[in-house]
Amino acid sequence: MLLLILFVVHLALGDTWNTIFTVERRLGAAVPVVILGPWLSAIVVTAIYWQSVPLAGMILSFSCVWLTVASVLGLRVWQLNGSEPLYPLKLAPVEK
C-alpha cells in the first residue's frame, strides 16, 4: 500500500509542476519546483520500487532520466526568457 501512495504523491507533484510551468507560465517558480517535486520524488519512488520489485525499479528509472532532461530544459527556458525570480512575484503595486 505504501508503494502505491508514494507513486500517487509522485504523480501529484508532477502535475503541480506541469500546472506551474505550462499553464501558469511561471518559469521562475517552476525551476525549484521541478527539482524539489517530481525529480526528487521520482528518485525516491524508483529506489523504493527497486528494493521491492527490481523490474519495477528498472522501468521507473526511465522517468528519472526524462525528469533530469526536463529539469535541464526547464532551467534553460527560464534562463533564455529573462530569468524571472525563482519565487512568485506580484508586479502590481499594492494600494493601501
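- With hydrogens and angles ignored, the 3.5 Å screen pairs no side-chain donor or acceptor of Thr46 with any backbone N or O of Ile43.
- When all heavy atoms of Ala42 and Ser63 are compared, the pair lying nearest together is CB-OG, 4.4 Å.
- Test Leu3, Leu11, Val9 against Phe7 for side chain to side chain contact (heavy atoms under 4.5 Å, CB included) and you get one pass: Leu11.
- When atom types are taken as modelled, the side chain of Ser52 and the backbone of Tyr49 share no donor-acceptor pair closer than 3.5 angstrom.
- Taking CG from Leu60 and CG from Leu55, the interatomic distance works out to 9.5 Å, rounded to the nearest 0.5 Å.
- Separation of atoms CD1 (Ile59) and CH2 (Trp50) is listed at 10.5 Å; rounding is to 0.5 Å.
- Separating the CH2 atom in Trp66 from the CG atom in Leu73 is a distance of 6.0 Å, to the nearest 0.5 Å.
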